[in-house]
Engineer: 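Handing you this structure, nothing more for now.
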There are 2 protein chains.
Amino acid sequence: MSSPSSPARGRPARLDRTRTLRTALDLLDQSGLDALTMRRLADAMGVQAGALYRYFATKQDLLTAMAERMMEGVAEAAATDGGDWSERLTALARAEREALLAHRDGARVFAGTHATGASVLGFADAFVGVLREAGFADDAAARALYTVVNYTVGHTLEEQAALQAQDGAPEDASVLRDAVTAGTYPHLSATLPTLTSTDFTGLFEFGLDLLIEGLRARHAPPARE
Amino acid sequence: MSSPSSPARGRPARLDRTRTLRTALDLLDQSGLDALTMRRLADAMGVQAGALYRYFATKQDLLTAMAERMMEGVAEAAATDGGDWSERLTALARAEREALLAHRDGARVFAGTHATGASVLGFADAFVGVLREAGFADDAAARALYTVVNYTVGHTLEEQAALQAQDGAPEDASVLRDAVTAGTYPHLSATLPTLTSTDFTGLFEFGLDLLIEGLRARHAPPARE
DNA sequence: ACCTGAACACCGTTCAAGT
DNA sequence: ACCTGAACACCGTTCAAGT
């Protein structure tokens with residue numbers, strides 16, 4: 001809103017929101033969230049750190065814009081062909097996970113912000129819309145949105161943390177393996193193969209299925225028009 | 001393991017893991033995760049920042065120990081009286097959420113670490129145990145653990161973020177309200193009361209119920225012994 | 001053995017001043 | 001109008017040196 005804008009007066013700006021956002025996402029993918037500093041981003045743009053503050057009020061503001069950008073197009077996953085409400089919801093949740101996975105530390109960026117731009121609201125509206133049109137009560141539809149989103153973010157946060165732990169410090173599974181094999185955790189020992197599995201897609205689908213199944217139990221058939 | 005220990009030789013130590021952890025959790029509750037720095041913690045212990053590194057290899061190590069300590073006693077929630085598997089699972093999930101809520105930014109601390117100590121593994125073993133003893137397949141039991149934990153962490157992360165947004169910057173609901181009332185999101189407008197509700201317990205229980213309901217659909221009755 | 005003091009290599013953010 | 005330069009008030013971490 002109060003960003004520098006319109007008439008090409010003075011020198012042509014080296015910076016602008018869109019280009020900066022693109023560079024920030026590139027930097028994120030290359031080096032991860034911890035290495036994404038205002039100084040390094042400024043460097044990548046050939047500018048001093050202070051200059052960024054003409055386009056983003058704070059670093060938090062930048063991260064929120066990045067989160068918003070990550071969700072672009074995700075709402076469209078509901079429009080995929082036909083399919084009943086459960087298929088459309090599944091498509092939306094999968095699209096959200098994939099959007100988060102598309103960038104290194106994507107889930108951490110998203111979880112750390114409160115994006116309320118068009119792509120996030122569009123996604124939410126599409127999600128709630130699928131349920132309302134299927135005959136779910138308003139209350140259930142809104143709560144289902146939060147539940148699926150919180151699950152998806154929680155899962156992907158873990159998934160990306162596990163991926164990073166794999167390369168870098170491969171003690172991931174072995175720490176668990178050792179602690180468990182030691183004795184005292186009979187049920188974890190018995191399920192170790194699944195606990196240390198890296199089939200994150202399978203795991204995500206399992207939980208998503210549980211949620212959809214739970215919703216099905218609450219489903220009243222749509223009223224005829 | 002290599003921490004200073006046992007024989008009371010030399011000067012009595014002003015620091016030790018337990019006391020430092022307690023102080024760190026107090027500081028967390030008073031000021032939040034962003035204000036929990038090694039220097040401020042050292043200050044609260046009457047010591048220089050460098051001294052902390054004799055007890056915690058890194059700040060990440062400290063945070064992991066804090067996460068582990070938060071989960072102490074949560075596994076015992078499965079032992080509550082009788083109740084079938086679904087009641088016991090519900091009790092475990094509720095206990096985890098409450099343990100995270102017990103400290104400011106508790107979910108953020110937990111999500112940012114990979115605690116694999118006795119309280120976390122004990123919780124996991126209890127959870128998987130309830131399902132295995134109820135007749136669930138090992139694979140399903142392990143996946144259900146991750147699903148419920150990821151949901152619980154995801155939900156509580158959001159819940160604590162929303163709580164902080166309320167006091168401090170009460171634009172939380174109003175930003176959403178404005179964006180939604182503006183037009184383009186018919187389904188969000190229709191469900192605004194639920195979307196801006198602060199009944200986080202109700203929301204958590206809704207999602208948890210969906211998961212339990214989903215698990216029920218997968219449930220094979222336990223084999224007779 | 002335990003802690004201090006001081007340093008190293010950084011951070012986010014602000015703001016007068018230049019062009 | 002847009003950016004620089006320089007500062008302010010911090011960070012996590014290391015390590016010789018003191019006691």
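Convention: sequence-line order gives letters A, B, ...; per-chain numbering from 1.
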Engineer: Rounding to an integer number of Å, can you tell me how far A:Asp43 CG sits from D:dG5 P?
Structural biologist: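 Answer to the nearest Å: 13 Å.
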
Engineer: Parallel, tilted or perpendicular: which describes the rings of B:Phe200 and B:His155, with under 30° parallel and over 60° perpendicular?
Structural biologist: perpendicular

Engineer: If the condition is side chain to side chain donor-acceptor pair (under 3.5 Å), which residues does B:Asp209 pass it with, not counting sequence neighbours?
Structural biologist: none

Engineer: Ignoring the backbone of A:Ala13, work out which of C:dC3, D:dT13, D:dC3 is nearest its side chain.
Structural biologist: D:dC3

Engineer: Of the candidate nucleotides D:dT4, C:dG5, C:dG12, which contains the atom at the shortest distance from the side chain of B:Gln48?
Structural biologist: C:dG5

Engineer: Test A:Leu41 against every option in A:Asp26, A:Thr20, A:Val47 by the side-chain contact (heavy atoms from CB on, under 4.5 Å) rule and name the one that passes.
Structural biologist: A:Thr20

Engineer: From CG of B:Leu52 over to P of D:dT14, roughly how many Å is that when rounded to an integer?
Structural biologist: 13 Å

Engineer: Restricting to nitrogen or oxygen on both sides, can you table the protein-nucleotides 7-9 of chain D pairs closer than 3.5 Å?
Structural biologist:
none

Engineer: Quick one: on DNA chain C, does A:Gly50 or A:Arg40 contact a more 5' nucleotide (nearest heavy atom)?
Structural biologist: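 Checking each residue's closest nucleotide, the 5'-ward one belongs to A:Arg40.
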
Engineer: Give me the stems containing DNA chain D, sorted by first residue, counting only three or more consecutive Watson-Crick or G-U pairs with both distances under 3.5 Å; say none if there aren't any.
Structural biologist: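 In DNA chain D, stems of three or more pairs: C:4-8 with D:12-16, C:12-16 with D:4-8.
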
Engineer: Please list, chain by chain and in numerical order, all residues satisfying side chain to side chain donor-acceptor pair (under 3.5 Å) with B:Asp61, sequence neighbours excluded.
Structural biologist: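 Checked B:Asp61 against side chain to side chain donor-acceptor pair (under 3.5 Å); matches are B:Arg17.
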
Engineer: Who pairs with B:Ala142 by side chain to side chain contact (heavy atoms under 4.5 Å, CB included), at least two apart in sequence or on another chain?
Structural biologist: A:Thr191, A:Thr194, A:Leu195

Engineer: Can you list, by residue number, the residues of residues 18-34 of chain B that have a non-hydrogen atom closer than 4.0 angstrom to DNA chain C?
Structural biologist: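 None, since no heavy atom is under 4.0 Å.
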
Engineer: Between D:dT4, C:dC3, C:dT13, which nucleotide gets closest to the side-chain atoms of A:Arg14?
Structural biologist: D:dT4

